There are 2 protein chains.
Amino acid sequence: MAAHEELLQTALRERGLRVTPDRLHVFRLLEASPLPLSIPALVEEIHDTGMNQTTVYRILELFTAMGVVHPVLIGHGSVGYELIPPFRHHHHHLVCIGCNEVIDLYNCQLEHRLDEIVKPYQYKILYHDIEIHGLCPKCQAKEAEDPGPSAH
Amino acid sequence: MAAHEELLQTALRERGLRVTPDRLHVFRLLEASPLPLSIPALVEEIHDTGMNQTTVYRILELFTAMGVVHPVLIGHGSVGYELIPPFRHHHHHLVCIGCNEVIDLYNCQLEHRLDEIVKPYQYKILYHDIEIHGLCPKCQAKEAEDPGPSAH
DNA sequence: GTAGCTGCAAAGGCTTTGCATCTGG
DNA sequence: CCAGATGCAAAGCCTTTGCAGCTAC
C-alpha cells in the first residue's frame, strides 16, 4: 500500500474515525489526478461505483477539516480540491486563462520571504497558495491571429 | 468622480459597451469593500435597490471577462470577487482559517522571483494570487485553551 | 432608432439535511 | 455491540437561460 494512504489511515484512526472503502476511493482519485478535482467532477467519477454523491460531499468536508485536502480555484471561478502535505508534495499552479491548462510548480522557494512579509501580523502560518495566471504559448499564438477576446 | 471609475467607463466604451447605473453601482460596492465579495453577498447588498440578481451575475461575468475583477477563494471554499489593477492596488491575502478574517497585504515583492520560476514554461504572465492561510493571534489563543478542533 | 441592457419567471444544478439502515473496529 | 458511516429522498440554495420591454448612446 502507498505510504500516503497509510498516513490517511493513521490520521483517521487517531481521531476515532473509520477507514472505509469510500474514503479510500476518494483519496485515491485525488492522488491519481494531476489536477485539483471539483466536487461535481468527483461525483461524475464515482457515479458508477455505487457510491452516493452525498457521501462525496461528506468525505470532502471531512478531508478539509482534517487538513488532507484544501480548496483551490480552478478555471473560471470554480473550486477544486487537492491533497496537501504531508499527503502530497508541496506545489503551486500556473494556470492558462485561455484554455484552463494547469501546470504544477514544484520547488517553491518563497517560504522564507512569506514569513518576513507576514511577521508583523503574528499569524501562525499553516500553508500558502500561489496561483500564477497567464497565457500558455498555444493561447498566445491564438490571440495573435484572432482579434482578441472582446467582452461578451 | 473617482479616477478608477473613469477607467471603468473608458474600458466599457472602448468595447462598445454601455455605462449603466447598475454597472457603476456594482463597481462602487466592490471598491468600497475591504474584502472580496461573493455573488450572494452582492445580491444581498443590492436587494433593496431594485436591481435584479440576474443582473449582478451578468455584470460580474462581464467584469471578469474585461479584467476588472477576478475570483479569489474566501473562507471555506467559497468564491469572492475583487477589483484588480489598474482598478485597484495590487495586493494579496492573509486569511485566518479559524475565524475567516482576511488581511490585505500590500508591498508584494515577489514578481521578479515568480518570473524566474515560470520562465521555462514560456507563459505570458498576466497576474498572480497569493493566499497565506493560518491562525490569527486570537484564534491561536482559542486553540491553546480548547482541546482543538476534532473532525466533524 | 437600435444595439445593448435589464427584469421576470422558469428550469436546471449544486449542496445540505433528516432519518433509516448498515458496518468497521 | 454500537458509534460512526452511508443511502435515499426531499428541500433549499445558487446559477443559467429565453424572451419581452426598456435605455444609453
Side-chain angles (χ1 to χ4, degrees), chain A residues 1 5-6 8-27 29 36-66 68-69 71 73-81 150-152, chain B residues 1 5-6 8-27 29 36-66 68-69 71 73-81 150-152:
Chain A
M1 174 191 313
E5 206 166 301
E6 281 181 17
L8 176 69
Q9 301 205 3
T10 304
L12 285 167
R13 294 212 173 94
E14 271 174 0
R15 294 166 184 249
L17 303 174
R18 293 181 187 164
V19 176
T20 66
D22 287 356
R23 286 173 180 171
L24 289 176
H25 188 197
V26 169
F27 184 83
L29 286 174
L37 292 172
S38 67
I39 294 189
L42 278 165
V43 167
E44 178 70 30
E45 291 252 24
I46 55 87
H47 186 260
D48 36 47
T49 67
M51 195 192 315
N52 192 279
Q53 78 179 61
T54 303
T55 303
V56 177
Y57 281 92
R58 293 196 269 229
I59 290 175
L60 257 78
E61 185 188 357
L62 174 66
F63 281 5
T64 303
M66 290 174 67
V68 173
V69 302
L73 278 176
I74 55 176
H76 226 226
S78 65
V79 178
Y81 291 82
S150 134
H152 200 64
Chain B
M1 175 191 312
E5 207 167 301
E6 282 182 16
L8 176 68
Q9 301 206 3
T10 304
L12 285 167
R13 295 211 172 94
E14 270 174 1
R15 293 165 184 251
L17 302 174
R18 294 185 187 160
V19 176
T20 67
D22 287 355
R23 286 173 180 170
L24 289 176
H25 189 196
V26 169
F27 184 83
L29 286 174
L37 292 173
S38 68
I39 294 188
L42 279 164
V43 167
E44 178 71 29
E45 290 252 22
I46 56 88
H47 186 259
D48 35 47
T49 67
M51 194 190 318
N52 191 279
Q53 77 179 62
T54 303
T55 303
V56 177
Y57 282 92
R58 294 196 270 228
I59 290 175
L60 257 78
E61 185 188 357
L62 174 66
F63 281 4
T64 302
M66 288 174 67
V68 173
V69 302
L73 278 175
I74 55 176
H76 227 227
S78 66
V79 178
Y81 290 83
S150 135
H152 199 64

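Every value quoted in this text rests on a predicted model; they were computed, and no experiment measured them. Lettering follows sequence order; numbering is per chain, from 1.
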Distance, rounded to the nearest Å, where [X] contributes [atom1] and [N] contributes [atom2]:
X       : N      : atom1 : atom2 : result
B:Asp22 : C:dG7  : CG    : C1'   : 10 Å
B:His25 : C:dG7  : NE2   : C1'   : 17 Å
B:Leu12 : C:dC5  : CG    : C1'   : 12 Å
A:His47 : D:dC8  : NE2   : P     : 11 Å
B:Ile59 : D:dT15 : CD1   : C1'   : 16 Å
A:Phe27 : D:dA5  : CZ    : P     : 17 Å
B:Asn52 : D:dC14 : CG    : P     : 15 Å
A:Leu60 : D:dT6  : CG    : P     : 12 Å

Distance (rounded to the nearest 0.5 Å) between [X] [atom1] and [Y] [atom2]:
X       : Y       : atom1 : atom2 : value
A:Thr49 : A:His25 : OG1   : NE2   : 5.5 Å
B:Leu17 : B:Leu62 : CG    : CG    : 6.0 Å
A:Ile46 : A:Asp22 : CD1   : CG    : 8.0 Å

Identify whether any heavy atom of B:Gly77 sits under 4.0 Å from a base atom; if not, whether one sits that close to sugar-phosphate; answer base, sugar-phosphate or nothing.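 The answer is nothing, as B:Gly77 stays clear of every strand by at least 4.0 Å.
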
Is the shortest side-chain heavy-atom distance between B:Glu45 and B:Val56 below 4.5 Å?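 The answer is no; the side chains never approach within 4.5 Å.
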
Let's go through B:Glu14 and B:Thr10 carefully: what are the C-alpha distance in whole Å and the side-chain angles of both, what is the deciding distance for side chain to side chain contact (heavy atoms under 4.5 Å, CB included) to 0.1 Å, and is it a yes or a no? CA-CA 6 Å; B:Glu14 270 174 1; B:Thr10 304; 3.8 Å; yes

So, is B:Thr55 near the phosphate of C:dC5, with a side-chain N or O under 4.0 Å from OP1 or OP2?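 B:Thr55 to C:dC5 OP1/OP2: no side-chain N or O under 4.0 Å.
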
Of all heavy-atom pairs between [X] and [Y], which one has the smallest distance, and what is that distance?
X       : Y       : result
B:Leu12 : B:Arg18 : CD1-O, 3.7 Å
A:Val69 : A:Leu60 : CG2-O, 4.3 Å
A:Val79 : B:Leu73 : CG2-CD2, 3.9 Å
B:Leu8  : B:Arg23 : CD2-O, 4.5 Å

The criterion is side chain to side chain contact (heavy atoms under 4.5 Å, CB included); which residues satisfy it with B:Ser78, sequence neighbours excluded?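 B:Ser78 satisfies side chain to side chain contact (heavy atoms under 4.5 Å, CB included) with B:Ile74 only.
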
Does any pair with a residue in residues 50-66 of chain A pass side chain to side chain donor-acceptor pair (under 3.5 Å), and if so which ones, sequence neighbours excluded?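 As it turns out, the side chain to side chain donor-acceptor pair (under 3.5 Å) pairs with a partner in residues 50-66 of chain A, which skip direct neighbours, are A:Asn52-A:Thr54.
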
Polar atom pairs (N or O), protein with nucleotides 13-17 of chain C, under 3.5 Å:
{"from": "C:dT15", "atom 1": "OP2", "to": "A:Tyr57", "atom 2": "OH", "distance (Å)": "2.7"}
{"from": "C:dT15", "atom 1": "O5'", "to": "A:Tyr57", "atom 2": "OH", "distance (Å)": "3.3"}

What string of B, S and - do you get for nucleotides 20-25 of chain C, 5' to 3', if B is base contact, S is sugar-phosphate-only contact and - is no contact with any protein heavy atom under 4.0 Å? ---BBS

Starting from the first five and the last five pairs of the helix from C:dG1-D:dC25 to C:dG25-D:dC1, work out the angle between the resulting helix axes, to 10 degrees.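 What I find for the helix from C:dG1-D:dC25 to C:dG25-D:dC1 is an axis angle of 50°.
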
